[in-house]
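Structure first, then comments.
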Amino acid sequence: MKALLIMSIMLPGYFQPNRTTTITKDYLNYSIIKDDKTIGNIRVERSFKDGITEYLFESRAKVKILYSIEIYDKMGVTFKQNILQQASLFRTMNGKLKVNNTATWNGSFYHLSDKEGANGFLKQSVFCSTASLYFNEPGNVKSVFSEKFQKMVPVQKIDSKRYRINLPNGNTTTYTYSSGICTLVEAETDFANLKFVLNTNLNKAH
């Protein structure tokens, strides 16, 4: 029966070569918490198509310290055969552009750029980035690519389900997992200590 089910999925593709390849999408939604209050939300999407995995991360938050700060982040990361092909991070604060980073793989190394223009190179293959950490527990991974800092940052395993990333600016981010999915992020930022709490189950769409 299982073999029949597999064949029933596979065969139409063989007989209809012009048929569009099915895209599978997963979604995770988080509440951004500061001092036990919800101040924003995050949506992370993962899609699969033709051996390409893409992650889209979008967040909005409003923090009030001495004055209100509205932060918008959008991140797009693409992997092919488990190698990072492109990573971009776009961030605004109160509508002002703060970050516009891109890393692009040319087959040998990554071209890096920021909002000012070209920003050097990264001469190694990347297999994991901070965007992919929401869907993928790092396990024995020693470092991941930071879309914000445009460099590899170390991953420290705290226990069987918790991992800490030490950022170049001295801040840390801690990820907690259940069944391979990130359920909690504890993030030190330049303006506040925040928690990202998973508030829905993993959803699939075809």
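Starting from 1, each residue takes its place in the sequence as its number.
Atoms CG and OG, from Asn82 and Ser125 in turn, are 11.5 Å apart once rounded to the nearest 0.5 Å. Between atom CD of residue Glu58 and atom CG of residue Asn41 there is a gap of 9.0 Å, rounded to the nearest 0.5 Å. Atom NZ of Lys142 is separated from atom CD of Gln156 by 10.5 Å, given to the nearest 0.5 angstrom. For the atom pair CD1 of Ile32 and CD1 of Ile42, the computed distance is 4.0 Å after rounding to the nearest 0.5 Å. In this structure, OG on Ser47 lies 6.5 Å from CG on Leu56, to the nearest 0.5 angstrom. Separation of atoms CG (Asn169) and CG (Asn166) is listed at 10.5 Å; rounding is to 0.5 Å.
A pairwise comparison of heavy atoms in Ser143 and Met152 identifies OG-CE, 3.5 Å as the closest pair. For the residue pair Tyr175 and Val185, the shortest heavy atom distance occurs at CD2-CG2, 3.7 Å. Here the closest heavy-atom approach between residue Asn106 and residue Ser108 is recorded as OD1-N, 2.8 Å. In plain terms, the two heavy atoms of Ser146 and Thr130 that are nearest each other are CA-CG2, 4.1 Å. In plain terms, the two heavy atoms of Val77 and Ala131 that are nearest each other are CG2-CB, 3.6 Å.
Side-chain contact check for Ile39 versus Leu194: some heavy-atom pair is nearer than 4.5 Å. Proximity of Phe145 to Leu122: side-chain heavy atoms (C-beta onward) are separated by under 4.5 Å at one or more points. Using a 4.5 Å cut-off on side-chain heavy atoms (C-beta onward), Lys148 and Met75 make no contact. Between Ser68 and Val63, every side-chain heavy-atom pair lies at or beyond the 4.5 Å cut-off. Looking only at side-chain heavy atoms (C-beta outward), Glu70 and Arg60 stay at 4.5 Å or farther from each other. The side-chain heavy atoms of Leu133 and Ile165, taken from C-beta on, include a pair separated by under 4.5 Å. When side chains are defined from C-beta on, Lys25 counts as touching Ile23, because their heavy atoms get closer than 4.5 Å. Here the side chains of Ile181 and Leu28 are in contact, with some heavy-atom distance below 4.5 Å.
Between Tyr110 and Phe121, the ring centre distance reaches or exceeds 6.0 Å. If you look at Tyr134 and Tyr30, their ring centroids are closer than 6.0 Å.
Checking side-chain atoms of Gln85 against main-chain N and O of Ile83 turns up a donor-acceptor pair under 3.5 Å. Under the 3.5 Å distance criterion, the side-chain polar atoms of Asn171 are left unmatched by any main-chain donor or acceptor of Leu167. Between the Tyr177 side chain and the Gly139 main chain, no donor and acceptor come within less than 3.5 Å of each other. Checked by atom type and distance alone, the side chain of Asp50 never pairs as donor or acceptor with a backbone atom of Ile52 at under 3.5 Å.
Between Tyr72 and Asn94, the side chains place no donor N or O within less than 3.5 Å of an acceptor N or O (distance only, hydrogens not considered). Using modelled atom types, one finds no donor on one side chain facing an acceptor on the other under 3.5 Å when comparing Gln150 with Asp114. In the model, Asn199 has a side-chain atom that pairs as donor or acceptor with a side-chain atom of Ser31 under 3.5 Å. A donor and an acceptor atom, one from each side chain of Ser129 and Glu147, are located under 3.5 Å apart.
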Intermediate values then yes/no, side chain to side chain donor-acceptor pair (under 3.5 Å), Thr173 and Glu186: CA-CA 6 Å; Thr173 306; Glu186 297 162 279; over 6 Å; no
Trace of the side-chain contact (heavy atoms from CB on, under 4.5 Å) decision for Glu137 with Tyr163: CA-CA 9 Å; Glu137 186 173 346; Tyr163 304 80; 2.7 Å; yes
Criterion side-chain contact (heavy atoms from CB on, under 4.5 Å) on Glu45 and Tyr55, from CA distance to verdict: CA-CA 6 Å; Glu45 174 188 308; Tyr55 298 91; over 6 Å; no
Verdict with reasoning, Gln86 to Thr78, per side chain to side chain donor-acceptor pair (under 3.5 Å): CA-CA 5 Å; Gln86 188 170 55; Thr78 303; 5.6 Å; no
Steps toward salt bridge (charged side-chain N to carboxylate O under 4.0 Å, His left out) verdict (Glu54, Arg46): CA-CA 6 Å; Glu54 185 175 9; Arg46 176 179 64 178; over 6 Å; no
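Within 6.0 Å of NZ on Lys161 lie more than 12 heavy atoms contributed by other residues, nucleotides or ligands. Heavy atoms from other residues, nucleotides or ligands lying under 6.0 Å from NZ of Lys151 number 12 at most. When the shell of 6.0 Å around NZ of Lys62 is examined, it contains 12 or fewer heavy atoms from other residues, nucleotides or ligands.
Phe48 and Leu84 are not part of a single hydrophobic cluster, where members link through side-chain heavy atoms under 4.5 Å apart. A single hydrophobic cluster is not seen to contain both Phe149 and Phe90; linkage of ILVMFWY side chains at heavy-atom distances under 4.5 Å, directly or through other members, places them apart. By the criterion of side-chain heavy atoms lying less than 4.5 angstrom apart, applied directly or through intervening Ile, Leu, Val, Met, Phe, Trp or Tyr residues, Leu97 is not grouped with Leu89; the two fall into different hydrophobic clusters. No single ILVMFWY cluster, assembled from side-chain heavy atoms under 4.5 Å apart, contains both Ile158 and Val155.
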